[in-house]
Every structure is written in structure tokens, then in C-alpha cells.
Visitor: 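Here it is: the structure, laid out below.
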Amino acid sequence: MKKRQTWFTEYQTDSLSLGLRIDDILASETTEFQDMLVAQTETFGRLLVLDGAVQTTDKDEFVYHEMITHVPLFMLDAPKKVAVIGGGDGGAIREILKHPTVDEAHLVEIDQKVVDAARKFFPAISVALDDPKAHVHYTDGIEWVRNARDFDVIVVDSTDPVGPAEGLFQADFYQSIARALTDQGILVAQSESPFLHQDLIRSMKEGMKTAFPYVTLYVAAIPTYPSGFWSFMMASKQPVKPADRARTASIATRYWTPAIQEAAFVLPRFVGELLQ
Ligand code: AG3
């Protein structure tokens with residue numbers, strides 16, 4: 001049979017795009033907050049797009065979801081209370097619940113339609129959302145964090161800093177996260193591409209520094225995101241280092257390893273310079 005010649009294109013900048021040939025469009029709707037598309041691609045399996053930006057695919061989601069969660073969680077001996085702001089697909093919650101000490105994993109997603117689509121079209125990603133330890137809140141993460149307390153890790157699994165996620169990149173949000181964390185608590189936020197979003201990375205660092213003395217960056221390869229090279233920013237009130245259990249933990253992962261726990265912070269010179 002002839003292959004369908006329909007393509008999805010993400011316009012990553014005004015002069016750069018990523019194209020994926022798609023076999024089928026599974027959902028396309030405008031929610032209260034954003035445009036959402038779910039499509040079947042040849043190369044990456046199912047694809048979730050919000051406001052024209054690739055959020056996740058079946059084939060490479062493991063990189064992002066493992067790295068945004070295990071790296072901060074393995075800095076602590078026994079993380080118990082964890083929250084994910086955004087991340088409606090549930091991938092971060094799935095990884096967080098692989099840590100046996102976690103007894104509460106909160107997902108704070110503004111757009112219920114994203115969670116509904118994840119349950120329907122991405123069962124392997126959303127699989128943990130029905131776990132009794134998972135608590136799903138459909139509300140604005142900025143509001144929710146204001147009243148949150150005693151969290152060990154808060155993960156900001158946001159879309160790009162335009163539209164609904166804009167406030168998730170601002171200093172006052174980081175300050176309210178600092179109040180929601182324990183003294184040993186850790187903030188991690190996806191921080192876009194070191195090739196394409198250098199000003200953003202610098203401004204996130206300045207914003208986090210208003211609330212946290214320690215701010216670092218680590219990286220991972222994510223083929224469907226702009227430039228394929230992605231970063232995560234981590235902030236804490238005290239210096240952090242991998243817990244002993246990071247070396248011995250038997251946790252099912254495909255990207256994260258005990259060596260990557262440390263190696264991910266080894267930065268190319270041009271990336272390290274973004275933090276100076
Ligand atoms: N959220 C971060 C995606 C940013 C990608 N940007 C882009 N394609 N322009 C991922 C959600 C996964 N839980």
C-alpha cells in the first residue's frame with residue numbers, strides 16, 4: 001500500500017523546522033487553553049503536539065521523563081512528597097513512582113483535555129495516573145504551588161515559555177516553589193535547548209537565583225525537541241550530591257544510569273558558560 005504523504009511540521013524558530021510523516025491523525029482539537037494534536041508517525045510512534053510544539057512521542061519520551069525525575073529524586077535518600085507542574089501526559093509521574101519511598105505524587109495540570117488524551121492515546125505513558133499514590137489536580141500550577149508545603153521535589157514539566165506556561169518561567173513562581181519545598185528540597189524545570197534558547201536559560205538561572213543559592217544545569221539528547229539537545233535546570237537551598245542509593249538502585253530505566261546521574265552535569269563549554 002502506498003504510504004500516506006501527510007506531514008506534521010513544527011516550526012521551531014522562524015527559520016528552523018522539524019518534519020514528521022504521519023500515518024494518521026488521531027485527535028485534533030482546540031481546548032480551553034491550547035491547540036492539541038495527536039498523530040501516528042512512522043518514525044516515533046504516537047506524537048502529542050500542543051500549540052504546534054512537539055511535547056512527547058512514544059519512541060523518545062523515556063529520555064525526557066527519566067531525566068526530569070530520576071536525576072533530582074536520586075539526590076535524596078528518601079523522597080516522599082513530589083509534585084509535577086504540567087506534565088499532563090503522566091510520564092513524569094510514572095517515573096517518580098518507581099521510587100519506593102515516594103508516597104504522594106501530585107500532578108498539577110491546567111488542561112484536563114491533555115490528561116484525557118494521554119489516557120486514551122498514550123497508555124504506556126499515562127499508566128501510573130491511576131496509582132493510589134498519584135493525585136491529579138486540574139488547576140493552575142502557579143496558584144496550586146502557593147499553598148503547597150513540605151515537598152521533597154517539584155518538577156516543572158512545562159511547555160515552551162509562551163501561552164499557558166509563560167508564568168512557569170518567572171522568578172516569583174520559583175520563589176513560591178522555594179516556600180513549597182523542604183530545606184533539602186529540589187526544584188527541576190525543563191529549560192529548553194542550549195543551542196536555541198540561550199537567553200531563556202540565562203534568565204531562568206537569574207530567576208531561580210532569587211530564591212535558591214544553588215542552581216545547576218544538566219543535559220540529555222531528545223531527538224524530537226528543537227536541536228535534539230535539551231537541558232534541565234536544578235535548584236536547591238543546600239548543595240546536593242547523588243544519594244548512595246543512586247549507585248545501587250535497581251530501577252527500570254532506558255536512559256538514566258548511575259553514571260548518567262553524574263555525567264549529565266558535565267557540560268560542554270558553551271553550555272557551562274550560560275550559567276556564569
Ligand atoms: N514538555 C516540554 C516540551 C518542550 C518542547 N518544545 C518544543 N517542542 N518546542 C514536555 C511534556 C512531556 N511530559
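Computed from a prediction, not measured in an experiment: that's the story for all the values here. Each ligand, and each atom within it, is numbered from 1 in the order the structure gives.
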Visitor: Consider only side-chain N and O atoms of D60 and T224, and report whether a donor and an acceptor are under 3.5 Å apart.
Guide: yes
Visitor: Would you say the ring centers of Y255 and H70 fall short of 6.0 Å from each other?
Guide: no
Visitor: Please confirm whether the ring centroid of Y64 lies under 6.0 Å from the ring centroid of W256.
Guide: no
Visitor: Looking at F44, does the NZ or CZ of K59 lie under 6.0 angstrom from its six-membered ring centre and within 45 degrees of the ring axis?
Guide: no
Visitor: Run through ligand 1 for me and note each protein residue having a heavy atom under 4.0 Å from it, chain first, then residue number.
Guide: E10, A53, V54, Q55, Y64, H65, D89, D157, S158, D160, Q190, Y225, P226, W230
Visitor: Using a strict cut-off of less than 4.0 Å between a Lys/Arg side-chain nitrogen and an Asp/Glu carboxylate oxygen, indicate whether E143 and R146 qualify as a salt bridge.
Guide: yes
Visitor: In the hydrophobic cluster built from side-chain contacts under 4.5 Å, what are the other members alongside F122?
Guide: L26, M36, V38, L48, L50, V114, F121, I125
